[in-house]
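Naming convention: chains lettered A, B, ... in sequence-line order (proteins, then strands); numbering from 1 in each chain.
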Protein chains: 2
Amino acid sequence: MKGTGIPRKEGTFPIYRYLVDTKCDAGNWSVDAYLRGCASRTVLEALANKWTCLLIDALRHGPLRFGVLRRKLDGITQKSLTQTLRVMERDGIVIRTVYPTIPPRVEYELSDLGRSVAGLMEGVKRWSEEHVDEILTAREAYDLRAQEEPRPVPVA
Amino acid sequence: MKGTGIPRKEGTFPIYRYLVDTKCDAGNWSVDAYLRGCASRTVLEALANKWTCLLIDALRHGPLRFGVLRRKLDGITQKSLTQTLRVMERDGIVIRTVYPTIPPRVEYELSDLGRSVAGLMEGVKRWSEEHVDEILTAREAYDLRAQEEPRPVPVA
DNA sequence: CGGTATCCGCTGCGATACTG
DNA sequence: CAGTATCGCAGCGGATACCG
């Protein structure tokens, strides 16, 4: 697994467990800014993932079974879905419930923590709908430019 | 580059350019839900990345030079920084300005689009600060459980 | 300073097969 | 149904060298 056995690099600043991965440059960073930056990093490692975001959104209205999730997130493989859900469970975002029936039934639902982040996802979703077109337009324009003019290089 | 040459899978639904990658299951999805899901996916491909998020946050207060960004995002390699910035430029999130001086000076700043998403990042950051501890606690608890009891398997 | 070019190890992920 | 196990490859990210 990912979180076990934390290798500590030289020059790191092991005040908190989740800081050990980042070098401390006391000159440029206040301890406060340092903590803030690291909190963000930790969380981003957990959330900044396409499937994770889509899962949080998918589970927003209540528990869903594994198979339903797989169909809702069309395109995800069983392996990726299992993995992603496992990590989210470990991070306390989702709760996994096994019903000992035949055939087996496993439900996933957002925890309180998960629900508290679902709001952010809602924001991302709204922003997406409002701005996808701008992104796509920008891409086309960029690709067009790239074809014609050579890219401006930092030369005198 | 990533966006050029879009391979179209069988059974896809090429109404819009950004939909070609996803299968259409007209039974379960309304066209509206379909568009919404795809908008999110497109945007998540662009934003759901640790460095991208951190860069948007780093640039929130104005333009910064390449070297400054590299130091701010301590831990990123030059290659990754260049790559990430290039993708963000292509997506219209950041603007790259080359000043033909010696030594060369290249500044990156958020576009209007980029600034409009910076608000979301602010939210993520705030959430991070409030909830990192819960995530870390959940992880420790999970790892402890995993050591002791075997994982509940879906069996009758 | 701000890149590009190249090599390269690792692993993330898909595909496939099997199971309680 | 909801997984686990295994293989195999592409691609990402790091390290290094070089350039305008």
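- Taking the side chain of Phe66(B) as heavy atoms from C-beta on, and the options dG20(D), dG3(C), dC1(D), the nearest nucleotide is dG3(C).
- For Pro103(B), whose side chain is taken as the heavy atoms from C-beta onward, the closest listed nucleotide among dG20(C), dG2(C), dC1(C) is dC1(C).
- Taking atom CZ on Arg96(A) and atom C1' on dA2(D), their separation rounds to 8 Å, with Å as the unit.
- Of all the residues in residues 76-83 of chain B, Gln78(B), Lys79(B), Thr82(B) reach under 4.0 Å from DNA chain C with at least one non-hydrogen atom.
- Using a 4.0 Å heavy-atom cutoff across all strands shown, Arg70(A) reaches no nucleic acid atom at all.
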Would Arg60(B) and Glu122(B) satisfy salt bridge (charged side-chain N to carboxylate O under 4.0 Å, His left out), going step by step from the backbone distance to the final call? CA-CA 9 Å; Arg60(B) 160 183 47 128; Glu122(B) 194 66 43; 3.5 Å; yes

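- At whole-Å resolution of the value, CG in Leu73(A) and P in dG14(C) are 12 Å apart.
- Every residue two or more places apart in sequence or in another chain that forms a ring pair (Phe, Tyr, Trp, His ring centres under 6.0 Å) with Trp127(A) is listed here: His131(A).
- With sequence neighbours excluded, no residue forms a salt bridge (Lys or Arg N to Asp or Glu O under 4.0 Å) with Arg126(B).
- Taking 4.0 angstrom as the limit, Arg86(A) places a side-chain polar atom (N or O) nearer than this to OP1 or OP2 of dT4(D).
- A search for side-chain hydrogen bond (donor to acceptor under 3.5 Å, both in side chains) contacts involving Thr82(A) returns nothing, not counting sequence neighbours.
- In this structure, the side-chain contact (heavy atoms from CB on, under 4.5 Å) partners of Ala46(A), at least two apart in sequence or on a different chain, are Asp91(A), Arg139(B).
- Smallest separation of non-hydrogen atoms from Met121(B) and Ile56(B): CG-CG2, 3.6 Å.
- The phosphate of dA2(D) (OP1 or OP2) has a side-chain N or O of Arg65(A) nearer than 4.0 angstrom.
- The 5' end of DNA chain C is approached more closely, in terms of each residue's nearest nucleotide, by Gly67(B) than by the other of Trp51(A) and Gly67(B).
- Whole-Å rounding puts the Tyr108(B) OH to dC1(C) P distance at 15 Å.
- Residue Asn49(A) contributes atom CG, which lies 17 Å from atom P of dT11(C) at whole-angstrom precision.
- Arg115(B) meets the salt bridge (Lys or Arg N to Asp or Glu O under 4.0 Å) test with Asp112(B); sequence neighbours excluded.
- To the nearest angstrom, P of dT19(C) lies 18 Å from CD1 of Ile102(A).
- If you take CG of Leu69(B) and C1' of dG3(C), they are 14 Å apart, rounded to a whole angstrom.
- Rounded to an integer number of Å, the gap from CZ of Arg71(B) to P of dC1(C) is 7 Å.
- Atom P of nucleotide dC12(D) and atom CD of Glu45(B) are separated by 12 Å, given to the nearest angstrom.
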